[in-house]
Amino acid sequence: MEENYQPHEIEAEVQLRWKQSTTFKATEDDSREKFYCLSMFPYPSGRLHMGHVRNYTIGDVISRYQRMQGKNVLQPMGWDAFGLPAENAALKNKVPPAKWTYENIDYMRGQLQRLGFAYDWDRELATCAPEYYRWEQWLFTHLYEKGLVYKKKSIVNWDPVDQTVLANEQVIDGCGWRSGVPVERREISQWFLKITQYADELLECLQTLEGWPEQVRVMQQNWIGRSEGLQFSFDVEGGLPCMEVYTTRPDTLMGVSYVAIAPEHELAAIAAETNQSAASFIEKCKQRKVAEAEINTAEKEGVATGLFALHPITGEKLPIWIANFVLIEYGTGAVMSVPAHDQRDWEFATKYQLPIRQVVFPKDESQQCDVSQQAFTEKGVLKNSAQWDGLTSEQAFIAISENIETQQRGQRSVNFRLRDWGISRQRYWGCPIPIIYCEDCGAVPVPESDLPVCLPEDVEVTGAGSPLASMTEFVDVPCPKCGRPAKRETDTFDTFFESSWYYARYCCVDQQEGMLDERANYWLPVDQYIGGIEHAVLHLLYARFFHKLMRDEGLITSDEPFTNLLTQGMVLKDGTKMSKSKGNTVDPEQLIEKFGADTVRLFTMFASPPDHSLEWVDTGVDGSARFLKKLWRFVYSHCESSQSLAGINHQDLNTEQKALRHKIHTTLKKVSDDIGRRYTFDTAIAANMELLNELSALKEQSAVDHAVIREGLEAVVLMLSPIVPHICFVLWEALGHTTEIESESWPQYDEQALVQENIELMVQVNGKLRDKITVQANAEDEVIKTTALNSEKIQNHINGKPVKKIIVVKGRLVNIVV
RNA sequence: GCCGGGGUGGCGGAAUUGGUAGACGCGCCGGAUUCAAAAUCCGGUUUCUUCGGAAGUGCGAGUUCGAUUCUCGCCCUCGGCACCA
């Protein structure tokens, strides 16, 4: 063993040993409990950032700990390789996206390997490889046959110069981020996946995900947005088609004073034929942007159509208004407006002087309620509501709904905020949608035998639209049905498509005959998933949806993909998120070069618990490096010592030795809980630092001293091995072991060493700490009370006052109340 | 606006079930070693103090023998969602 810690030498050497021994290769084994630990795979952007390092270190610590628990652990890694940055880089550097991506993957794989993560690299996958994406094309065609896929027109941001759809984030001040020209709202035909058909199950299963953070479950719940209400129709004057509305407050039906429709509603178009102001208002709304934030801040505006709807109970004529706040996508695109009981309706009514009719009043009559100031949106008791007067909102919900149902005018129904998932992207670097358009046969899915539809990789990206559209060798194909000339779809899948099922593919990455095989059922569901909170809704919802699609395709048996979810906090510097644009990034590679991988791993785990944000402090890294040096030198001097090594018989130890063993085993107990249950790696590390401090405080004078210190050092090395695996690998061998530390079990604490003869108790007077006493661990309460009262300091604080009560908390404290 | 985190020394943070507030680390101060420096080691480090103590976990109340922890009302901050009828 070298006298000084040389991280770079030992890390390279240990990594080679792991590779030679195929230590982390995972194989299905029914005789052992499996543990599938997965960190969200990276986009190959070029180099790792600190967020990656933190994410993957957390996963690695959990994986290595579970391995020491005797579990059969799978920890894979791969690449979320399709996406827009590759096209941007291509434009900038004149490199094809495929080349750029594969080079980045090679570089970043090297970085991950230098960090020593215990991945089974045989299962590595990249989503841009045809062997991978062919199976999602296959699934898509199956979903098409099942009717879970459809094509419809939807409104998008269209950049007229770049000839492409832009994401909302790419529209800056209403203009394309690169072209700088105003974007248009354009209706484009796109493919959709019927995620709404799974809305109920996606919502219900959230309750079973007890291993997920409450925050993420709530976010998904809100996103799915289930509501119960009544859908019914208004007759419209003049023989026009009747108008469907949806409301969650049927109890307010008698307070309706107008009806509002979306500018895209069919009645709006009818009105526009004769009403010039309606026509120009609809035109104005078309100009507005798609970005929802813009819509929200826009002032409520509308125009009367001149048309009238008839109230389903009273027959009263209600004006129909076109309003910019009514969304065509939600419900029926039309709402019954009750200004007295809905704040939006109230604002609109106030602006256009429409009547405000209060029909619900507070249950508590003393409660203030003035609908001329604002809407009263709470539930209450009905008045001004004909036969329903006196009913509560809850009773009226049922009674009024039943009335409408009896009239056969509508029915109670459930609505979701969730909309179907638009998966078409007019972009090049993605998975081709396996569809062929034939003039006679329409949209025809590519037959299974013709899959995969490979994306041509050697292309020139110009920035104007997708290069696929102009590649006749890609586009021109015979129709699979009739054989006549047809055109291939040139849109690609949203890249969330690839990331929705990669976790399953890792289980059987070499399977060439099918999407998944029986090995997926061995490993799934993922026992521990780790990633950023930014994926709380999109990725984690799509993956749950895909899991159910694959289940219903008969590919897997479980209902949910991820049993436990850990959302790691952001890496901050100077109080804000590390990012290139802010110029406050820290390059992990430079840190590894300076300190070695173990120090970087140690610091990222030590600085804060994984689910909190991590404040990066450069000098903090020095502390972690110092600790590892200290550990190394301690083991070195221990091993160089000429002291012989005795056996340990706890009963025969002296007080100091017993105290040290007590520290060793309480630390073992605490760290097992910190790493195994709490995932607070920071406190686990702190406890080991404390233990090492105490071990080094003992002046070694005997073979038994030497043995107790040896026991402590071995415990520290084993406990830290999931966090800093390289140094622990070497120290374990230095401590005389001939087997690799990766085959060791997690150390167990010795109950006998936890027992103490004497314990220290806090003594409080009126809840304030005044003294400490030492008593026998098994002392009776009476003895403890007497000892506490005998203390001189305590007597000073009691100061002759009568003692009212003495509270003894076993093993902790005594509180004397005077 | 709604939902969810969070607010503790100079700094990152600990205190797991209501029971020693400030573990561990950084920084700083003092000392040892050194020709000197780096590195290393030892000691100190919440504030105030008449050196007896006193106060102290965003602010204000409350429950309790005892509150960083529980309840109520505020303030600040971070994150998410947002015209969803």
Side-chain angles (χ1 to χ4, degrees), chain A residues 4 213-219 221-223 225-227 229-231 245-249 252 260 292-293 295-300 323-327 329-338 341-345 347-348 415-419 533-534 536-537 569-570 572 575-577 602-603 606-609 611-624 626-627 629-630 633 670 673-674 677-678 680 682-693 696 760-769 771-772 796 804-807 809-818:
Chain A
N4 290 312
E214 182 64 20
Q215 189 193 2
V216 176
R217 286 155 68 179
V218 168
M219 280 165 77
Q221 194 179 316
N222 293 341
W223 186 267
R226 184 182 195 273
S227 67
L230 177 70
Q231 185 167 329
V245 299
Y246 172 77
T247 180
T248 54
R249 292 292 302 273
T252 64
E292 302 210 345
I295 297 169
N296 297 336
T297 51
E299 204 189 329
K300 291 177 185 39
N324 64 349
F325 66 86
V326 180
L327 307 172
E329 301 92 340
Y330 183 78
T332 61
V335 291
M336 64 173 218
S337 294
V338 188
H341 303 295
D342 181 286
Q343 189 59 28
R344 278 169 323 202
D345 296 347
E347 283 169 30
F348 194 83
N415 244 293
F416 291 95
R417 182 190 172 282
L418 183 71
R419 292 169 214 171
I533 184 76
E534 65 273 21
V537 174
M570 284 189 297
L572 310 175
T576 53
K577 186 179 178 175
L602 183 67
F603 179 68
F606 181 56
S608 64
D611 53 339
H612 288 38
S613 59
L614 184 157
E615 182 71 35
W616 191 268
V617 189
D618 288 328
T619 52
V621 189
D622 296 331
S624 294
R626 209 172 291 165
F627 172 73
K629 272 188 226 169
K630 193 170 149 185
R633 272 198 314 271
K670 179 186 168 45
D673 190 45
D674 282 354
R677 181 183 64 87
R678 294 210 303 155
T680 50
D682 55 331
T683 52
I685 294 164
N688 273 290
M689 288 173 166
E690 262 184 83
L691 176 55
L692 194 71
N693 287 343
S696 55
E760 196 178 45
L761 294 183
M762 306 303 119
V763 185
Q764 299 180 333
V765 177
N766 288 342
K768 288 195 172 135
L769 180 67
D771 199 8
K772 296 175 186 178
N796 286 342
K804 278 199 213 156
K805 200 164 152 191
I806 302 179
I807 293 151
V809 182
K810 274 265 172 284
R812 287 200 181 267
L813 57 78
V814 185
N815 189 14
I816 298 165
V817 187
V818 298

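A note on names: the letters A, B, ... follow the listed sequences, proteins ahead of strands, and every chain is numbered from 1.
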Please report the distance, rounded to the nearest Å, between CD1 in A/Ile816 and P in B/rC65.
16 Å

For A/Asn324 against A/Lys300, the heavy-atom pair lying closest together
OD1-CA, 3.6 Å

Please give the distance between the P atoms of B/rG80 and B/rC70 as a whole number of Å.
26 Å

When rounded to the nearest Å, what value does the distance between C1' atoms of B/rU57 and B/rG13 take?
13 Å

Both distances under 3.5 Å, Watson-Crick or G-U wobble: report the partner of B/rG30, or none.
B/rC42

N/O (side chain, A/Asn796) to phosphate O (OP1/OP2, B/rG53) under 4.0 Å
no

By nearest-nucleotide position on RNA chain B, the 5'-leaning member of A/Leu418 and A/Gly623 is A/Gly623

Whole angstrom value for the distance that separates P of B/rG1 from CD of A/Gln343:
12 Å

Rounded interatomic separation in angstrom, taking CG from A/Leu327 and C1' from B/rA85
9 Å

Determine, stepwise, if the pair A/Asn766 / A/Lys804 fulfils side-chain hydrogen bond (donor to acceptor under 3.5 Å, both in side chains).
CA-CA 10 Å; A/Asn766 288 342; A/Lys804 278 199 213 156; over 6 Å; no

In Watson-Crick or G-U wobble terms, both distances under 3.5 Å, what is the partner of B/rA61?
B/rU71

Is there a Watson-Crick or G-U wobble partner for B/rC84 with both distances under 3.5 Å, and if so, which one is it?
none

What integer distance in Å separates A/Phe606:CZ from B/rC11:P?
17 Å

Phosphate contact (B/rC26 OP1 or OP2) by A/Arg626 side-chain N/O below 4.0 Å:
yes

C1' atom, B/rG19 versus B/rC24: distance in rounded Å?
22 Å

Compare the minimum distances between each of B/rC24, B/rU40, B/rG13 and the side chain of A/Arg633, then state the nucleotide with the smallest one.
B/rU40

A/Val335 side chain: which of B/rA15, B/rG66, B/rA85 is closest?
B/rA85

OP1 or OP2 of B/rG80 versus the side-chain N and O atoms of A/Arg217: is any pair under 4.0 Å?
no

Closest to side chain of A/Pro609, choosing from B/rU16, B/rG12, B/rA14:
B/rA14

Which is true for A/Val809 with a 4.0 Å heavy-atom rule: it touches a base, it touches only sugar-phosphate, or it touches nothing?
base

Look at all strands and tell whether A/Asp682 reaches a base, only sugar-phosphate, or nothing, counting heavy atoms closer than 4.0 Å.
sugar-phosphate

Listed nucleotide nearest any side-chain atom of A/Met570, set B/rU16, B/rA23, B/rG79:
B/rG79

If the C1' atom of B/rA21 is compared with that of B/rU46, how far apart are they to the nearest Å?
10 Å

Are A/Tyr330 and B/rA85 close enough that a side-chain N or O sits under 4.0 Å from OP1 or OP2?
yes

Would you classify A/Met762 as touching base, sugar-phosphate or nothing, given that sugar-phosphate means primed atoms plus P, OP1 and OP2, and contacts are heavy atoms under 4.0 Å?
base

With the side chain defined as heavy atoms from C-beta on, A/Thr619 is closest, among B/rA15, B/rA85, B/rG27, to B/rG27

Identify the nucleotide, in any strand shown, that forms a Watson-Crick or G-U wobble pair with B/rG79, with both distances under 3.5 Å; if there is none, say none.
B/rC3

Write down the distance between CG (A/Asp771) and C1' (B/rG53), rounded to a whole number of angstrom.
15 Å

For A/Lys670, answer base if it contacts any base atom (sugar-phosphate contacts may also be present), sugar-phosphate if it contacts only those atoms, and nothing otherwise; contact means non-hydrogen atoms under 4.0 Å.
base

Hey, does A/Asn693 reach any base, or is it just sugar-phosphate, or nothing, if we go heavy atoms under 4.0 Å?
sugar-phosphate

Separation of the P atoms in B/rC76 and B/rG10, to the nearest angstrom
23 Å

Need the pair for B/rU17. Rule: Watson-Crick or G-U wobble, both distances under 3.5 Å, any strand; none if unpaired.
none

Closest non-hydrogen atoms of A/Leu572 and A/Ser613, given as atom of the first, atom of the second and distance, are CD1-OG, 3.7 Å

Please report the distance separating the C1' of B/rU8 from the corresponding atom of B/rA67, rounded so that it comes out in whole Å.
14 Å

Closest to side chain of A/Arg344, choosing from B/rC84, B/rC26, B/rG12:
B/rC84

Among the candidates B/rG25, B/rA23, B/rG19, find the nucleotide nearest to the side-chain atoms of A/Asn815.
B/rG19

Give me the distance, rounded to whole Å, that separates B/rU45 from B/rG9 when you measure between the C1' atoms they each carry.
10 Å

Between P on B/rA23 and CG on A/Leu691, what's the gap in Å once rounded to a whole number?
18 Å

Figure out the CZ/C1' separation between A/Arg249 and B/rA85, and round it to whole Å.
11 Å

Distance check, C1' atoms only: B/rG4 and B/rG66, in whole angstrom units.
31 Å

Nucleotide nearest A/Val817 when distance is taken to its side chain, options B/rC26, B/rC65, B/rC81
B/rC65

Using a heavy-atom cut-off of under 4.0 Å over every strand shown, decide if A/Thr332 touches base, sugar-phosphate, or nothing.
nothing

Assign A/Gln764 to base, sugar-phosphate, or nothing according to its heavy-atom contacts below 4.0 angstrom with the strands shown.
base

Would you mind classifying the nucleic acid contact of A/Asp342 as base, sugar-phosphate or nothing, using non-hydrogen atoms under 4.0 angstrom?
nothing

Which part of the nucleic acid, if any, lies within reach of A/Ser227 when heavy atoms closer than 4.0 Å are counted: base, sugar-phosphate only, or nothing?
sugar-phosphate

Any A/Arg417 side-chain nitrogen or oxygen under 4.0 Å from OP1 or OP2 of B/rA82:
yes

Pick the nucleotide of RNA chain B nearest each of A/Ile807 and A/Lys772; which residue has the one closer to the 5' end?
A/Lys772

Base of B/rU20, side chain of A/Lys768 - is there a donor-acceptor contact under 3.5 Å?
no

Return the nearest nucleotide to the side chain of A/Ala686; candidates are B/rA85, B/rC24, B/rA14.
B/rC24

G-U wobble or Watson-Crick pairing nucleotide for B/rU47 (cut-off 3.5 Å, both distances):
B/rA54

